[in-house]
Structures are given as structure tokens and as C-alpha cells.
Undergrad: 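Attaching a single structure in C-alpha cells format; questions to follow.
As the structure lists them, so they are numbered: ligands from 1, and atoms in each ligand from 1. Nothing here was measured: the structure is a model prediction, and the numbers come from that model.
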Amino acid sequence: MTSVHRDLDLRPREAAIDEAGHPLHLLSEEELRAHVAEVLERARRRSAGLTDAVDDADLVKQHSTLMSPLVWDLAHVGSQEEIWLVRDVGGRDPLRPDIDDLYDAFQHPRSTRPELPLLGPEEARRYVTEVRAKAMDVLERAALRGRDLTCHAFAFGMVAQHEQQHDETMLATHQLRRGDPVLHAPAPPPAVVHDLPEEVVVPAGPFAMGTSIEPWALDNEQPVHEVFVDTFALDTIPVTNGRYTEFVDDGGYTDPRWWSAAGWAYRSAHGITAPRFWRREDGQWWRIRFGVYEPVPPDEPVVHVSYYEAEAFAAWAGKRLPTEAEWEKAARYDPATGRSRRYPWGDDDPTSEHANLGQRHLRPAPVGAYPRGASPLGVHQLIGDVWEWTSSDFHPYPGFVAFPYREYSEVFFGSEYKVLRGGSFGSDAVAVRGTFRNWDFPLRRQIFAGFRCARDVRGGDAGV
Ligand SMILES: [Fe+2]
């Protein structure tokens, strides 16, 4: 019996979501249904915006072998929604069992998808609309407190996150697309705080990593577990274009001292000399962003760099990349209470005051634009703007259980992938949390990824 109390005493202290008013816990079942409907509708508005912005020829075209045709992503979103919500949760008859294979991401690599007999643009639009109508009918009738898959409407949250993740992928396809600009959005807010300290020191100690109570957390974020993190210093802000240009102009791309063996081999094989979409003209760096050609803005976080480039920059700067445990502690740990928050600013869902999320803007915001989103330790812009590469491989947490299927995370665990944290301007709030883990190959550059640096702090060196 004493072990129960001991377990309770030692249990990592996680955000008290109920006390903080997390909506999924406090909402009545009817309110939860309305919340789910709103989140699904938001995802669909975005999918429609991304696919209606171009003509049918552009929708079926492959803009890069790294990406699917946009029309594949659209019907794939519908196919997954049909499988999980209509068939599994709803127990309804399949609408289109004949296309399951076409839209199974594991059956067909992206480069081969244009050759498949895909649904055309009109057919795909009709299909996702029909699926959504049935899914909404299922939502009205489903019990949301029963089995794991429907508890707190998890399956609906998973499907909404999935659609938003594909929306971010489609946004990356738009970035790779050549032609006139078709996407438009207001500029992000300007910087309102300046002269932030370069680094924040995070004191040594344990913290609660991951979650066991966040209702829509995915399997790889679970369970909560205690991790001891030694004292380290983390950059207050992500590395900016201005700072990154210093590395480029200092010959960073041609000096093997800064690169890992794998990074140098990659750099040499591909002949890269700057972040993707950058070009040097008349002694100045320019970039193409969603069809707009513009000078590289020095105060924005650098984006479209691979893990290898991030690693090389950090070495050049006399630093290193943070581990994902370091990143999460800096983002969530509250020294005043000893517990981990849902987000750097607290337990409330993100608003436009906290972070640059949800494709409200088509670019990262300048550093210093979101003081209300800072963590208790004073680290800025951890959520939104750019995904941040960490030095960690993608591994399961102790006690990991695959849910609802192995292919969500488990088949990707290993040293092939690096973990990214925090989401980008192209990530929706439903698909980002302080615990959320993204992963990708270290050579990826088309994703909206940047980074910040960390360094070890030895005893007596903490007064940065
Ligand atoms: Fe998918």
C-alpha cells in the first residue's frame, strides 16, 4: 500500500488541466461535439483554400518529387476520415473501399503518386464532402466517453490533426510550386520587444516530460515521465536570417570543420550553399516565398534549413542543438510550481497573441513579436513561426504503447529521423502542443524548419 503513496509522491507533476480549465475536460458532451465540429470545419476551410487557390492542372500536377499532387492529399484526407470516423467509430458501410489502397501512404511513395488512377479534382471534392457529411452524422450520435478511440472524441481530434498536418504539407507544396503568387495573407505582427538576452539558463533538475492527460495527445507524446536535465543555456530566440547570413558569408558552407561527416557528405553531394529558396544577387541575399521574390528579412527566424545545416551553424557559433528534453523543459517547466505547462505561456489554448500558427500569416514573424508567448524562464517563440530541429533521434518514451495503430509512430522510431518541436506558421493550433513531437529525415529542407542553439553550462558559468 505504501507503494501507492510513494508513486503518487514521485509522479511527475504535469499540468493540472482540469483546474486550468482545459475545454475538452470541462465541456459538456454537447459542447464537446460543437468544439469538434468547429475544429473539423476549420481544417476543411483551410484544405479548400489551399486546393481552390490553383486550377485543376496545378492540382493534379506534381510540383516536386518530394511531394504528392495536391489532389492526392485532398482525397487522402477524406479516405482517412472515412476509415476512422465513418467506418470505425460510426460502424457504417464504406463509401469507397475501392480507393483505400490508392490513398494508403504506406503503399505508394510520394514520387509515384501522380501515376496512380487518382480521383480527379471534382471527384475528390465530392468525395471529401460526402465523407464529411457522414462523419458529422457520426459525431452527432457517437458516445464520446466510452472506448479509447472515442474517449474525449479522440478519433475526431486525431482526424482533425491529420487534416491540418496535410494542410501544412500542401502549404509546403505551394512553396515548391513555380508561378505567380496565389496565396495571400496579412503580414505577421512586428517585433515589440528588442534587445532580449542572447540566452536563458535552465537550471538542472527533473521535469515532467510528455503527457498522460492531454486528451488529443498522440501516442508518441505519452506517457508522462520524469527526466533529469542538467543545467544548460538555450537561445532566447530562434536563429535569425541575419545571424545565419553571417555563417554563410563566413564560408560556413565550405568549411568541413563545422559539419558532421553525414552533413558534409550531404552538402557536397547536393552542392548546397545557402538555405533552400535563397539566391544571391547584387551582393544581397534574396528568397522566393510562395511566388514572391524579396530580400531575405534579417529579423525573421531562418527557415528551410536541414538538420545538417542547423548542426553546422551551431558548431560554427560554438554551440550545439538542444536535445528534445532540453527543448521541452525550456518550453513547459515552471520553476514557481515545479510542474509542466501545456504551452510556454500556460495551459490556455493558443491565440493570435501567443504564437504565429495556423497559416494566419505566410511567414515566420520577426523575433520579439510574441512576448505573451514566452515561457516562464523567458524563452520566446518556441511555439509557431518555425519547427525547431533538435539533436534527438525519434524514440519512444518509456512505457510507450502504440495507439491507435502501429503506423502512426512506432514504425518510424529509430535513428533515421530527427525530432522537431514547436510547430511553424503553417501548423494549426490543434496540431501543436508543448508535448507535440514531429520527426523527419535530417536532410529535409522543404519543411518550415529552423532551429535555435543550446550550450552546456558548467558550474560557476551560470550567470549569462
Ligand atoms: Fe496522412
Undergrad: Name the one of Leu218, Leu149, Asn220 that satisfies side chain to side chain contact (heavy atoms under 4.5 Å, CB included) with Phe403?
TA: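 It is Leu149; the other options fail the test.
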
Undergrad: Parallel, tilted or perpendicular: which one describes the rings of Trp387 and Phe436, with boundaries at 30° and 60°?
TA: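 Rings of Trp387 and Phe436: tilted, 30 to 60°.
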
Undergrad: At distances under 2.8 Å, what protein N, O or S atoms surround the Fe ion (ligand 1)?
TA: His76 NE2, His162 NE2, His166 NE2

Undergrad: So, Phe247 versus Tyr244, ring centres under 6.0 angstrom or not?
TA: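 Yes: the rings meet the under 6.0 Å criterion.
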
Undergrad: At their closest point, which heavy atom of Gln107 faces which heavy atom of Asp101, and how far apart are they?
TA: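 Looking at all heavy atoms of both residues, the closest pair is CG-OD1, 3.5 Å.
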
Undergrad: We want to know whether Trp327 and Glu388 form a side-chain donor-acceptor pair, criterion being a heavy-atom distance below 3.5 angstrom.
TA: yes

Undergrad: Using modelled atom types and a 3.5 Å cut-off, is there a donor and acceptor pairing between side-chain atoms of Asp235 and backbone atoms of Cys453?
TA: yes

